[in-house]
Amino acid sequence: MSDAGPSDEQRAWFEQACVELHERYAPLQDGEPASYIPELSAVDPDRFAIAAVTLDGQQILVGDVEQAFTIQSISKLLVYGLALELHGRDAVLAKVGVSPTGDSFNAIELDEATNRAPNPMVNAGAIAVTDLIAGASVEQRIETMRSMYERYLGRRPEIDHDVWASERATGNRNRAIAYLMLSRGIVGDNVEETLDLYFAQCSVLVTVADLAMIGAIIANHGAHPLTGERIVSREVTRDMLTVALTCGMYDYAGEWAYSVGIPAKSGVGGGILGMLPGAGGLATFSPRLDAIGNSVRGLRVFEELSAEFEMHLFDPDRPWRRTLGR
Ligand code: GLU
């Protein structure tokens with residue numbers, strides 16, 4: 001396999017497929033933007049974008065690629081990586097497991113035997129992981145989180161303060177989950193501070209192009225495809241990719257692994273971040289969500305691209321390694 005990335009012809013073929021899928025699914029009106037966080041429903045529901053970044057740094061951008069939206073649950077994957085880097089696997093595994101649940105993302109449940117949160121991609125696990133981002137004050141903890149984002153994004157992250165305030169004002173279910181974990185000794189007693197940090201990490205603004213680049217970084221096992229800078233360690237990306245594949249798409253994760261087979265994480269802001277190890281990052285944005293919380297158009301695009309370009313991780317020949325990347 002060459003290091004050169006896709007040829008012009010391969011790239012044109014892939015880009016054409018993205019353009020056609022964008023045209024085909026733009027009229028699809030199924031689903032609604034999330035409204036349980038009131039400020040999220042302020043988004044234009046018809047925005048739609050697809051982006052890919054290959055490991056040699058080529059970008060494919062289709063649709064509303066400049067539109068910023070809040071990263072929401074996709075943050076859980078990045079903060080999980082940060083916690084693993086800061087504390088190591090054993091310390092993180094003591095607080096949160098790696099079992100897919102099949103339950104909804106905001107289920108109020110902990111493992112009966114260990115008290116751990118089931119996995120880092122449901123809210124309980126994510127809040128337990130955020131609790132591990134320590135610091136002398138909430139500002140310092142937010143700064144640690146911000147600098148992680150800065151490494152991935154190549155700029156200071158912007159937080160949507162209206163969404164942050166809206167989550168804070170209405171996040172009582174997350175509060176219940178966090179206090180349950182406090183009662184079981186899984187999180188420390190600065191629960192409100194940890195929740196504030198969790199709401200902040202969810203309220204960071206990104207574009208679909210940012211997500212595709214983040215996907216490419218993780219798919220490149222932590223080295224930035226353009227600069228070579230190490231953003232996250234190789235060992236940690238293996239764990240991030242594993243939980244993304246098994247738990248990243250809410251309670252649709254099993255079906256997703258079966259039919260799409262791309263490690264991915266979605267968020268209720270309408271984004272889906274996909275990572276194709278050794279090939280690149282793929283991302284979609286469309287705020288209309290299905291009942292599970294995944295972007296309706298995003299699911300379709302991933303399903304179709306995975307089928308057409310044989311991107312499933314377990315496709316015997318994995319031809320996408322030649323098509324989309326190395
Ligand atoms: N901030 C959101 C919450 O915890 C994130 C949910 C999501 O994207 O799934 O409710």
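For the numbers below, each heavy atom of this structure counts, side chains included, while hydrogens, waters and symmetry mates do not. Whatever order the structure lists ligands and atoms in, that order sets their numbers, starting from 1. Keep in mind the model is a prediction, meaning the values are calculated, not measured.
- No salt bridge links K95 with D131; every basic N to acidic carboxylate O contact stays at or beyond 4.0 Å.
- Residue T70 comes nearest to C202 through the heavy atom pair CB-O, 3.5 Å, listed as atom of the first residue, atom of the second, then distance.
- Residue contact check: N123 has heavy atoms under 4.0 Å from atoms 3 (C), 4 (O), 10 (O) of ligand 1.
- Summary of contacts: the protein heavy atom closest to atom 4 (O) of ligand 1 is Y198 OH, 2.6 Å.
- The residue among R173, Q201, E167 with a heavy atom at the shortest distance from atom 1 (N) of ligand 1 is E167.
- Looking at heavy atoms from C-beta onward, N294 lies out of side-chain contact with W256 at the 4.5 angstrom threshold.
- The atoms of ligand 1 that sit less than 4.0 Å from any heavy atom of Y250 are 7 (C), 8 (O), 9 (O).
- When hydrogens are left out, the protein atom nearest atom 2 (C) of ligand 1 is Q72 OE1, 3.1 Å; that is the closest non-hydrogen contact.
- Within ligand 1, the atoms closer than 4.0 Å to a non-hydrogen atom of G267 are 8 (O), numbered from 1 in the order shown.
- R288 and D46 are joined by a salt bridge, as a carboxylate oxygen and a charged side-chain nitrogen come within less than 4.0 angstrom of each other.
- Separation of atoms CD (E150) and CD (E143) is listed at 7.5 Å; rounding is to 0.5 Å.
- Nearest protein heavy-atom contact of atom 6 (C) of ligand 1 is Y36 OH, 3.2 Å.
- Comparing S104, S73, S75, S203 against atom 8 (O) of ligand 1, the shortest heavy-atom distance belongs to S73.
- For ligand 1 and V268, the ligand atoms under 4.0 Å from any heavy atom of the residue are 6 (C), 7 (C), 8 (O), 9 (O).
- Residue contact check: F105 has heavy atoms under 4.0 Å from atoms 6 (C), 9 (O) of ligand 1.
- The number of heavy-atom neighbours closer than 6.0 Å to CZ of R173, taken from other residues, nucleotides and ligands shown, is above 12.
- With respect to R184 and D111, no salt bridge is recorded, no charged nitrogen being found less than 4.0 Å from a carboxylate O.
- Within the 4.0 Å heavy-atom criterion, the part of N174 lying near ligand 1 is the side chain and not the backbone.
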As a quick check of understanding, evaluate salt bridge (Lys or Arg N to Asp or Glu O under 4.0 Å) for R168 and D196, giving each step before the final call.
CA-CA 7 Å; R168 209 187 268 131; D196 213 26; 2.6 Å; yes
